[in-house]
Amino acid sequence: MKSKELINHLFESCKNGRSVCELHCLTLKTGLITNSLFLTKLNTLYAKHSTLQNARKLFDETSQPSVYLWNSLLRGYCREKQWKETICLFNQMLSLSNSTSDKPDNFTVPIVIKACAGLSDLRTGKVIHGLVKKNDKMKSDMFVGSALIELYTKCGEMEDALRVFEEFPEPDVVLWTSMVTGYQKNGNAKEALSLFSQMVVNEGLSPDRVTLVSVVSSCAQLMNLLAGKSVHGLTIRMGFDNDLSLANSLLNLYAKTGSLRNARNLFAEMYEKDVISWSSMILCYVQNEEPEAALDIFEEMVKKKYEPNSVTLVSVLQACAAASNVDVGRRIHELTKQKGFELDVSVSTSLLDMYMKCSCLNEAVDIFEKMPYKDVVCWAAYISGFAQNGLAHESLGIFRNMLSDGTRPDAVTMVKVLIACAELGVLPQALCLHGYLVSSGFDDKVFVGAALIDLYSKCGSVDNSIRVFDALSEKDVVVWSSMIAGYGMNGFGREAVRMFNLMTECPGIIPNHVTFLSVLSACSHTGLLEEGIKIFDEMVHKYKIEPNSEHQNVMVDLLGRKGKLNKAMEFIEEMKVKCEPHILGALLGACRIHQNVEMAERVSKKLLRQDSNHAGYYVLLSNIYAVDEKWDSVARIRNLVKEKGLTRIPGQSRVQVKDRVYTFTAADTSHPESEYVYQLLREIEVKMKEEDQISDTDFILDGV
DNA sequence: TTAGGGTTAG
C-alpha cells in the first residue's frame, strides 16, 4: 500500500514538470523499478511523451513483461504511426507468450488492427479478425469492433465492415459513427445519412460531436445545403458550437455549396480557428470565384502568424491561377521552398497548374521535370496545361509518354486528353481514344461521355456524338448540353432545338446557362429567329436565369444576322448590365452582312469608345466603307490602324491528311503546294457560285 | 492502458 502511494506521488510530480527520465533515475535508486505497476506506468509515460526509445529500453530490460507492458509499448508505436514496428512487436508478443498473463488481450487487438488500417494491410487485418472470432471476450468488445470497422472502411470493404457492425446487438454511438464515417469516406454519403437517421430515429441514440462532423461531411458531399443547415441548427441546440472540427466541416459545407455568405458569417463567429479553418476559407473564396478575396485572406492569415501547411499552399495557388496573378504565384513558389514543401506532390502539381494557367510554360515544364514522383494527377495537369496553351498536339504526345511511363490514366485524365484532341478536331484520333475508353471501362461515366460527345462534334462527326449520347445509361444536364451544342456547331439548328425541348421534358434535368448558350447559338447559326426569341424568353422568365454577356452576344448575333438591326440595337439598349464591347462587335458584324453604313457608323462610334485597340473592329468598318466605295473613309480607318500599331491575330484552319496536321492562315503561301491549293479554292468558289451557295463573295474572299 | 472527426492538387 505504501509503495502504491509513493508511486502515485512520484507520477503526480511528473505532471508538475519533473521529466520522465528524472523520475526513472530517481526510482532506480529506490528499487521501485521492480514493481510491475510502476514499470507499466513509467513505460506508458515514456510512450506518451514521444520518448519511445526509452520506453523500448525499459521494456527490453524487463525479463518477463506483462501484457500491460506489451500493450503500453505497442500503444506508443501506434501513437507515433510506426505501423510496421507495431505489427512486428505484436508478432514478437505472439511468439513469446506462454502464459495467460502475457497473451494478447482485448486491449492489444485494437492497437494492432489500427496499425493494419494504417498500412491498409487487409491480409494481416483479416488474420487478426480470425483470432478475434475465436475469442468471446474480444468478439463482444466494442473497442475491437470499432477498430475492425475502421480497418475495413479504410480498405473500401464496406460489406465486411457492416458484418462486424451487425454482430453487436446494441452498438454504441462510436460504432454507429464509425459506420457513418466509413460510408462517407467511401463516397456513399447517401448511405451514411440513412444510417445516421436509423441511429437517431430507430435506436433513439443521441449523436455526439464526432457523429455530427461525419454527417456534415456527408451533406457537403451530396451538395445538400438544406440538410447541412439543419444539422448546423442541431449542433447549436446541442451546445457544440465551440467544437473546432465541427465548425471546420460546416465551413467546408458552405464553401462547397456556394453559400459564401454563410461561410463568411460562420468564420467570423468561430470560437477558435486553426490552419484548417483558414485554408477552408481560402478555398471557399476560390470555389466561389473570388480569387482576389482568397489572396487577401491568405495575407491576413500570414499576418496573424498562422503557419500555412501544404493544403493552404495548394489553395492559395489555386487562387493565383484563377486570378492569373503569376507575381503572387511566384512568391508562393518561394514560400513552398522555404517551408520545405518542394517535394510534396500536390503542392508541386498546384504550382505546375498555376504556371500553366498563367501561360508560363517554361516554369511549368521546369516544375514537372523536377518532380521526383509523378502521379496520375500531375500528368493530367501537364497534359491539360499544354492544351490550354494552344499546344494540343504536344499534349497528346505527353499522354503517350505517360502511358509508356507506366502510369495508368483515370477518368479525369481521359477527359483532359479528349479536350486536347477536340482542340485539334481530328477524327482518327478521336476514334482511337474512344476505343481505349471502351476497353478501359471509362466510357460509361457521365463526364467522360459529355467530353466524348463534344469531341466527335468538333471533329464534325455528329453521327458518332449521337451514338455516344444514346449509349449513355445516365444523362445529366452537361451531357444534354453537349449534344445540343454538337448539333448547333454542325449546322443542325432544328435538331438542337428539338433536343432542347426533349430535355426540358426529362424529369430532374434543368437547363443551365450553358444549355441556353448552346441552344441559342444553334438558333443563331441556323437563323431560327422566332425559336431563339422564345427560348431566350423562357430562360429569363421560366428558368429565372439572368442572361450574361455571352447570351446577349448570341441574341444580338441572331437578330443581326436576320437583318433585324434596329431590334438588335433596341435589345442592347434594354440590357440591364453593362454592354461588353464584343456585343457591339456582333452588331457591327451584322451591319457588315446587311451593308448598313449608317448604323455601322453609330455602332462603331460607341464601340471604339469602349475598346479602341481591337484591330478586327477597324477592319470590319473599313470593309463596310469599301463595299460602298467610300475610299476616303477606308483610307482614314487604315491609317488609324497603322498609327495605333494594331495587328490582327490571324485565324487558323487545320486539316489532317493521314498522319499530318496542316495549318492554314489567311493569304498563307508557306505551304509548298499553295499554288495548287489556291487554284482548287477558286474552282470550288466558281462551283459554289453556280449552285448559288454564296451571295456575298467578297466576304468569302476576305477569309481566303 | 483501449475506439469514431475537420481543409488539398488535374
Side-chain angles (χ1 to χ4, degrees), chain A residues 40-41 43-45 47-48 67-76 78-79 105-114 117 141-150 153 171-182 184-185 207-217 220 243-253 255-256 274-284 286 308-318 321 341 344-354 356-357 375-385 388 409-417 419:
Chain A
T40 310
K41 273 204 164 195
N43 216 351
T44 304
L45 260 182
K48 256 190 195 166
V67 62
Y68 303 103
L69 202 61
W70 280 101
N71 288 347
S72 152
L73 189 64
L74 279 166
R75 203 166 290 118
C78 194
R79 193 176 285 122
D105 62 5
N106 53 321
F107 289 91
T108 322
V109 168
I111 306 167
V112 189
I113 296 174
K114 206 181 163 76
D141 188 312
M142 295 216 215
F143 292 90
V144 176
S146 79
L148 280 168
I149 292 173
E150 192 195 343
T153 59
D172 66 357
V173 186
V174 177
L175 280 184
W176 277 99
T177 306
S178 302
M179 285 307 294
V180 172
T181 311
Q184 185 254 322
K185 290 245 164 97
D208 65 11
R209 47 192 83 207
V210 183
T211 322
L212 293 178
V213 168
S214 296
V215 173
V216 172
S217 300
D243 189 284
L244 183 59
S245 301
L246 196 43
N248 284 341
S249 67
L250 282 164
L251 209 52
N252 181 242
L253 163 83
K256 287 232 166 84
D274 65 358
V275 58
I276 297 182
S277 325
W278 284 92
S279 306
S280 300
M281 205 55 211
I282 292 169
L283 209 70
C284 179
V286 176
N309 63 15
S310 65
V311 181
T312 323
L313 294 172
V314 165
S315 311
V316 191
L317 286 168
Q318 278 189 20
F341 288 116
D344 184 302
V345 65
S346 57
V347 173
S348 301
T349 305
S350 303
L351 272 169
L352 155 68
D353 187 54
M354 183 273 295
M356 283 294 194
K357 285 184 177 148
D375 66 2
V376 63
V377 182
C378 87
W379 276 104
Y382 203 50
I383 290 168
S384 173
Q388 283 159 19
D410 61 3
V412 182
T413 314
M414 288 316 297
V415 169
K416 304 290 175 196
V417 175
I419 293 170

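Quick note on labels: first sequence line is chain A, next is B, and so on, each numbered from 1.
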Nearest listed nucleotide, side chain of [X], among [options]:
X	options	value
A/Gln318	B/dT8, B/dG4, B/dA3	B/dT8
A/Ser310	B/dA3, B/dT8, B/dT2	B/dT8
A/Arg75	B/dG4, B/dA9, B/dT2	B/dT2
A/Met142	B/dG10, B/dA3, B/dA9	B/dA3

Quick one: [X] [atom1] to [N] [atom2], roughly how many Å, whole number?
X	N	atom1	atom2	result
A/Lys114	B/dA3	NZ	P	7 Å
A/Lys357	B/dA9	NZ	P	11 Å
A/Asp243	B/dT7	CG	C1'	15 Å
A/Leu250	B/dG5	CG	C1'	12 Å

With a 4.0 Å cut-off on heavy atoms, is [X] in touch with a base, just the backbone sugar-phosphate, or nothing at all?
X	answer
A/Ser178	sugar-phosphate
A/Val347	nothing
A/Val144	nothing
A/Ala380	base
A/Thr413	base
A/Asp141	nothing
A/Ser315	nothing
A/Asn71	base
A/Ser146	base
A/Leu244	base
A/Asp344	nothing
A/Val173	base
A/Leu283	sugar-phosphate
A/Thr211	base

Looking at A/Tyr68, is its backbone amide N or carbonyl O close enough to the side chain of A/Ser72 to form a donor-acceptor pair, meaning the two atoms are under 3.5 Å apart?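 Not confirmed, A/Ser72 side chain does not pair with A/Tyr68 backbone.
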Using the six-membered ring for Trp and the full ring for Phe, Tyr or His, decide whether A/Tyr68 stacks on the six-membered base ring of B/dT1 (centres under 5.5 Å, planes under 30°).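 According to the criterion (under 5.5 Å, under 30°), no, A/Tyr68 does not stack.
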Can you measure from CD1 (A/Ile111) to CZ (A/Phe143) and round to the nearest 0.5 angstrom?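 If I round to the nearest 0.5 Å, the distance is 12.0 Å.
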Checking A/Asp243 now: which residues fulfil salt bridge (charged side-chain N to carboxylate O under 4.0 Å, His left out) with it, not counting sequence neighbours?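 So A/Asp243 forms a salt bridge (charged side-chain N to carboxylate O under 4.0 Å, His left out) with A/Arg209.
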Pairing residues for A/Lys114 by the salt bridge (charged side-chain N to carboxylate O under 4.0 Å, His left out) criterion, not counting sequence neighbours: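 Salt bridge (charged side-chain N to carboxylate O under 4.0 Å, His left out) check on A/Lys114 returns A/Glu150.
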Under 3.5 Å donor-acceptor pair, A/Thr349 side-chain atoms to B/dA9 base atoms: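 Such a pair exists between side chain and base.
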Output yes when at least one side-chain N/O atom of A/Lys185 is less than 4.0 Å from OP1 or OP2 of B/dG5, else no.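 True: A/Lys185 side-chain N/O within range (under 4.0 Å) of B/dG5 OP1/OP2.
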Start with the C-alpha gap between A/Asn309 and A/Thr312, add the side-chain angles, then the distance that decides, and say whether side chain to side chain donor-acceptor pair (under 3.5 Å) holds. CA-CA 5 Å; A/Asn309 63 15; A/Thr312 323; 2.8 Å; yes
